[in-house]
Every structure is written in C-alpha cells, then in structure tokens.
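Worksheet: the structure to be examined is printed underneath.
Values in this document were obtained by computation on a predicted structure and should not be read as measured data.
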Amino acid sequence: MSSILVTVDDTPSAIAARGLAAALARQCGAQVRGVTALDVSDLDRVEPVPIGGVQYAYDRLQHRKKLTEERRARIAELPEVFRRSLADEGMDAVCSMMEADVRDGLLRMIETCDLVVTGRDAEFHLEAVEGVTPLVHHIIAKGCRPVVVSGPQWIEKGPVLVAYDGSAPSAKALQVATLMGIFGSSGARILSIGREKSAALSVAERARSFLALHDIDADLEAVATTENPADVLLRRASETGARMLVMGAFGHRGFREILFGSTTRHLFDSAPIPLFIYH
C-alpha cells in the first residue's frame with residue numbers, strides 16, 4: 001500500500017480517523033492525503049413559508065446565509081490543521097478542498113488511492129452525529145477501494161479481529177487486508193460464527209491457512225450461536241483488545257447484508273474499534 005486518502009472534518013470520529021491514517025501510513029510506508037469539502041446542501045433546502053410570513057422567510061434566509069459563511073470559514077481552516085497535525089507525526093501531507101459535485105468528486109479521488117480512512121460521522125457539515133453518515137455509506141457502497149471506518153476512538157496496538165464465514169466477500173476482504181499490510185507485526189484472531197461449532201471451526205481453519213502463507217500468526221475462535229453476529233463481534237472485539245475488525249459478508253444474505261442490513265449498521269454505529277471493509 002502506498003497511498004491513503006482520509007476524509008477531513010472536525011467531528012470526533014473524523015479526528016480519530018486522521019490519527020489512525022497516520023498510524024497505518026507508518027505501519028505500511030504509505031503517503032497520506034486529505035480531502036475536505038464545503039457542502040451546504042443541507043442549508044440550501046427550501047423551507048415552507050406560512051401565509052403572510054414574508055418577514056419570517058427573509059429572517060430564515062439570512063440565518064442560512066450566516067450559517068453558510070460560518071461553515072465556509074471553518075472548512076477553510078481544515079486543510080492547514082490537517083497539514084500541521086500530520087507534520088507533528090513527521091509526515092508531509094496535503095489536503096484537497098472540493099466545493100462542487102462533492103460526492104461524485106470524492107469517488108473520482110478515491111480512484112487515485114489504495115485505501116480510504118474516514119470517521120463514521122464525516123459529512124463535511126462540521127457537526128457530530130450518532131452513527132454512520134450518508135456520506136460514509138456512499139463511500140462504502142459506491143467507492144472502488146477498501147474503506148476503514150473509525151469511531152471516536154482507536155488504539156494502535158492489539159490483534160486484528162477477522163470476521164470470517166468463508167463467503168467470497170469475506171475471503172476477498174481478508175486477502176486485500178493481508179496484501180495491504182493491515183495486520184502489520186501484530187497477530188490476527190479469526191472469529192467464525194455459525195449454527196454448528198464444527199462447521200464454523202472448519203471455516204476459520206481455511207482463513208488461518210491463508211494467513212500462514214503470508215507469515216501471519218492467527219488464533220481461531222468458532223462460536224455456535226443464533227445470537228446477532230454483530231453483538232458477538234462487538235463483545236469479542238472488546239474482550240480480546242482488538243485494534244481493528246476486518247470484515248466481509250457473514251450470514252446467508254451475502255454482501256447486501258454488509259452494506260444495507262441491520263447487522264452491519266449496528267457494527268458501523270457502535271463498534272469501539274475501526275472497521276476494514278472491502279467489496
């Protein structure tokens with residue numbers, strides 16, 4: 001891996017993503033670039049006006065203009081803040097600014113990197129929100145590169161937890177994470193969840209055999225349960241001190257569950273560690 005693109009916002013998870021991107025860059029010898037945007041689409045929406053509410057409409061318009069200028073001023077500061085924060089890590093990094101066609105422009109920029117690192121609350125609206133934002137969903141669903149999604153906290157040390165069910169998406173995610181150097185010098189812990197423990201263990205063994213080819217040691221854990229897989233993953237991530245969760249599809253609904261299902265949404269909204277996802 002030679003290039004990491006990080007979304008630059010000033011929300012808690014976006015700030016954490018900046019530190020995570022720097023740590024991954026040191027681990028893999030990659031360069032880091034930032035991207036931010038002035039997005040005022042939420043302020044440009046048309047509001048209903050009550051009958052006789054000319055003054056009300058004017059006041060609301062002026063209020064939106066004020067918010068737009070305040071956001072413009074704050075966004076304008078972010079590239080330099082990003083540059084300085086990476087300089088403190090001993091890295092020379094730049095941050096691009098977009099002001100139009102933000103979502104499609106972001107997809108085009110993603111084509112020029114190896115990995116995207118983003119906070120789950122990144123939206124370029126400078127407001128912290130609960131859970132994963134529509135912008136991050138867009139990057140995962142429409143982008144062409146692996147994505148690491150961070151919450152407001154991350155840790156630099158610990159094993160990488162791999163959610164593995166033997167499906168093609170989970171196998172691809174494991175392969176790409178391995179080839180990109182995501183595991184670094186730390187070990188891996190493969191967690192396979194199924195209705196029968198013997199079958200889950202067999203699946204996990206295949207993942208360990210693959211990692212062994214790349215000189216990565218892995219512990220295995222097979223869990224037989226009908227419990228929501230997200231709850232099992234969140235619990236084991238916390239109990240094992242994992243620093244990242246590598247995931248493809250799990251369950252019987254394939255990758256659509258990863259992008260749109262309640263299980264994955266719960267992981268994105270609640271995971272205490274960053275999630276590596278690839279499709």
Side-chain angles (χ1 to χ4, degrees), residues 3-25 30-47 58-145 147-154 268-269 274:
S3 176
I4 297 174
L5 181 68
V6 55
T7 58
V8 178
D9 208 328
D10 68 354
T11 58
S13 293
I15 293 171
R18 187 188 311 162
L20 174 60
L24 288 172
Q31 293 184 332
V32 180
R33 293 180 293 144
V35 58
T36 191
L38 177 64
D39 183 359
V40 294
S41 58
D42 58 319
L43 301 178
D44 287 340
R45 63 183 183 274
V46 178
E47 297 183 2
Y58 176 79
D59 291 343
R60 290 298 299 166
L61 176 62
Q62 295 304 113
H63 178 65
R64 291 198 300 273
K65 286 182 177 180
K66 179 183 178 182
L67 293 178
T68 297
E69 291 309 310
E70 289 176 353
R71 184 178 296 177
R72 183 184 299 276
R74 289 175 62 193
I75 285 285
E77 297 174 353
L78 291 183
E80 179 59 18
V81 171
F82 176 80
R83 187 197 67 78
R84 290 200 307 267
S85 67
L86 270 292
D88 291 341
E89 300 283 346
M91 300 178 186
D92 184 15
V94 298
C95 179
S96 302
M97 168 78 78
M98 295 187 295
E99 292 196 28
D101 193 23
V102 172
R103 294 202 172 191
D104 287 342
L106 187 57
L107 294 183
R108 290 191 291 270
M109 186 169 288
I110 287 172
E111 293 180 34
T112 68
C113 72
D114 293 312
L115 176 71
V116 181
V117 178
T118 181
R120 65 188 178 208
D121 58 6
E123 189 69 47
F124 304 136
H125 291 168
L126 305 176
E127 297 177 356
V129 297
E130 292 294 327
V132 66
T133 65
L135 177 67
V136 175
H137 187 283
H138 178 74
I139 291 171
I140 296 169
K142 302 294 185 182
C144 59
R145 295 291 186 265
V147 181
V148 174
V149 181
S150 176
Q153 297 179 337
W154 64 279
F268 279 134
D269 290 347

- Message: Quick check: closest heavy atoms across V6 and A21, and the distance to 0.1 Å?
- Response: CB-CB, 4.1 Å
- Query: Got a second to check how far R145's CZ is from D114's CG, nearest 0.5 Å?
  - Reply: 7.0 Å
- Give a yes or no answer on whether the side chain of T36 reaches the backbone of V8 with a donor-acceptor pair at less than 3.5 Å. yes
- L135 versus R103: any side-chain heavy-atom pair under 4.5 Å? yes
- Please report the closest heavy-atom contact between S13 and P152, naming both atoms and the distance. OG-N, 3.1 Å
- Closest heavy-atom pair, F82 versus C95, reported as atoms and distance to 0.1 Å, is CD2-CB, 3.7 Å
- Taking D10 for its side chain and I15 for its backbone only, find out whether a donor-acceptor pair lies under 3.5 Å. no
- What's the shortest heavy-atom distance between A37 and V102, and which atoms? CB-CG1, 3.7 Å
- At their closest point, which heavy atom of V132 faces which heavy atom of D269, and how far apart are they? N-OD1, 2.8 Å
- Sub-3.5 Å donor-acceptor pair from the side chain of D9 to the main-chain atoms of A122, do we have one? no
- Query: Counting N and O atoms only, with roles assigned by atom type, does the side chain of W154 sit under 3.5 Å from a partner on the main chain of P274, one being a donor and the other an acceptor?
  - Reply: no
- Message: Looking at S3, is its backbone amide N or carbonyl O close enough to the side chain of R33 to form a donor-acceptor pair, meaning the two atoms are under 3.5 Å apart?
- Response: no
- Roughly how far, to the nearest 0.5 Å, is CD of Q153 from CG of L20? 13.0 Å
- Item | Gap separating the OG1 atom of T118 from the NE2 atom of H138, nearest 0.5 angstrom | 12.0 Å
- Atom CD of Q31: over 12 foreign heavy atoms under 6.0 Å: no
- Got more than 12 heavy atoms from elsewhere within 6.0 Å of CG, D92? no
- Message: For the OG1 atom of T7 and the CZ atom of R120, what is their distance to the nearest 0.5 Å?
- Response: 13.0 Å
- Query: Between E111 and R108, is the closest basic N to carboxylate O distance under 4.0 Å?
  - Reply: no
- Task: Measure the CG-CD1 distance between L107 and I139 for me, rounded to the nearest 0.5 Å.
- Result: 8.0 Å
- Query: So which heavy atom on G119 is nearest to which on A17, and how close?
  - Reply: N-CB, 3.4 Å
- Task: Look up atom CE in M97 and atom CZ in F124, then write down how far apart they are to the nearest 0.5 Å.
- Result: 9.5 Å
- Message: Between E77 and R83, does any side-chain N to carboxylate O distance fall below 4.0 Å?
- Response: no
